[in-house]
Amino acid sequence: MCKHSVSANTDLVKQLSTVLHGEVKPMITQCCIHELYLQGKTHQGSVDLAKMFERRKCNHREPIPGDECLKSVVGETNKHRYVIASQSQPLRSKLRAIPAVPLVHINRAVMVLEPPSDKTLQTKTMAEEEALKPLTEADQALVGPKPEEPPRKKKKGPKGPNPLSVKKKKPAPTPSTKSQMTIMTWAGPEGETSQVGSGRKRKRRRKGATGDTALHVEGKTDGE
């Protein structure tokens, strides 16, 4: 991959970030960089590019071919979730047999992310079907009983007034059936006072010879 990137004069890290839609951390094993050294001085640019990447320990005491080294680093399940960028067709064919291994290569100066392999799709389908299956008794014993949900608290709404503390409404006063009387007083000729209610009908009489005033009252009071 480093040799092809240098010959095509492309920015390898930038293209990887664009294809994978995120920040990348390029890594290379000691066996792969040793294989670049064996190419001679004509590929010194590839060696300089590889030196910029992080070294991934492969735990090989003696250098082995780069394809075998990368396959051993991926393992059987790609535990560390590596994305392999390689121009080696035999290596990519071997890695397609391992599920969940994204593969990247350059095709005519264009970086390509390969679609998921058949093994990857098969493993995904099996995992989805397994998740939909009901738990067996043995699985339920391992999982344990479901925790009981705590009782839900009743929501408290606004409290109404205490009926004992509320003032009772006073009954509206009913009008009295008896007619109210307005008392009028006046003074007679000799200083005597007399009272007459407003409900009475009175007649005036003419003055007599003595000059006294006489008042005739008709009608009954409420008390009579």
Side-chain angles (χ1 to χ4, degrees), residues 1-136 138-139 142-143:
M1 178 66 73
C2 290
K3 291 189 295 182
H4 197 91
S5 177
V6 170
S7 61
N9 196 20
T10 59
D11 190 341
L12 182 60
V13 178
K14 184 177 180 180
Q15 286 198 7
L16 284 171
S17 300
T18 302
V19 170
L20 299 177
H21 301 283
E23 186 178 355
V24 297
K25 184 180 181 181
M27 305 174 73
I28 191 169
T29 64
Q30 186 62 35
C31 295
C32 290
I33 200 169
H34 179 267
E35 191 171 343
L36 287 175
Y37 277 117
L38 297 178
Q39 301 294 324
K41 293 184 179 180
T42 54
H43 296 284
Q44 186 62 36
S46 303
V47 175
D48 296 338
L49 177 62
K51 286 181 179 179
M52 298 172 61
F53 303 156
E54 181 179 334
R55 298 288 178 92
R56 167 63 164 84
K57 292 182 180 180
C58 56
N59 298 324
H60 295 138
R61 294 184 178 181
E62 297 294 332
I64 61 175
D67 290 1
E68 296 180 13
C69 180
L70 289 177
K71 189 176 182 304
S72 66
V73 168
V74 172
E76 298 297 328
T77 58
N78 195 15
K79 177 182 177 181
H80 300 287
R81 300 180 181 179
Y82 291 123
V83 178
I84 303 301
S86 175
Q87 291 297 109
S88 174
Q89 182 64 35
L91 174 63
R92 298 203 305 272
S93 298
K94 292 177 183 179
L95 294 179
R96 287 192 192 99
I98 302 173
V101 182
L103 300 173
V104 177
H105 68 276
I106 296 175
N107 184 17
R108 297 180 182 179
V110 177
M111 189 167 288
V112 178
L113 175 64
E114 295 185 8
S117 63
D118 295 339
K119 186 68 175 178
T120 300
L121 296 175
Q122 182 182 357
T123 305
K124 178 190 172 189
T125 304
M126 291 175 61
E128 290 176 351
E129 291 177 354
E130 191 69 25
L132 295 175
K133 287 182 180 180
L135 294 176
T136 61
D139 294 336
L142 293 174
V143 173

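In this chain, numbering begins with 1 at the start of the sequence shown.
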For the atom pair [atom1] ([X]) and [atom2] ([Y]), what is the distance rounded to the nearest 0.5 Å?
X	Y	atom1	atom2	result
Gln39	Ser46	CD	OG	8.0 Å
Leu103	Ile98	CG	CD1	9.5 Å
Ile64	Ser72	CD1	OG	5.0 Å
Met111	Leu16	CE	CG	4.0 Å
His105	His4	NE2	NE2	9.5 Å
His43	Leu38	NE2	CG	11.5 Å

Do you know the tightest heavy-atom contact between [X] and [Y]?
X	Y	answer
Cys2	Ala50	SG-CB, 4.2 Å
Tyr37	Lys51	OH-CE, 2.9 Å
Leu121	Pro116	CD2-CB, 4.0 Å
Pro102	Leu113	CB-CD1, 4.4 Å

Are any of the side-chain heavy atoms of [X] and [Y] separated by less than 4.5 Å?
X	Y	result
Cys31	Glu35	no
Lys119	Arg96	no
Tyr82	Leu95	no
Lys3	Gln87	no
Glu54	Lys25	yes
Arg56	His80	yes

Please determine whether the number of non-hydrogen atoms from other residues, nucleotides or ligands lying under 6.0 Å from atom [atom1] of [X] exceeds 12.
X	atom1	result
Met126	CE	no
Glu128	CD	yes
Asn9	CG	no
Asp48	CG	yes
His34	NE2	no
Glu76	CD	no

Has [X] got a side-chain atom pairing as donor or acceptor with [Y]'s backbone, closer than 3.5 angstrom?
X	Y	answer
Asp118	Gln122	no
Arg92	Ser86	yes
Thr120	Ala100	yes
Ser5	Thr10	yes

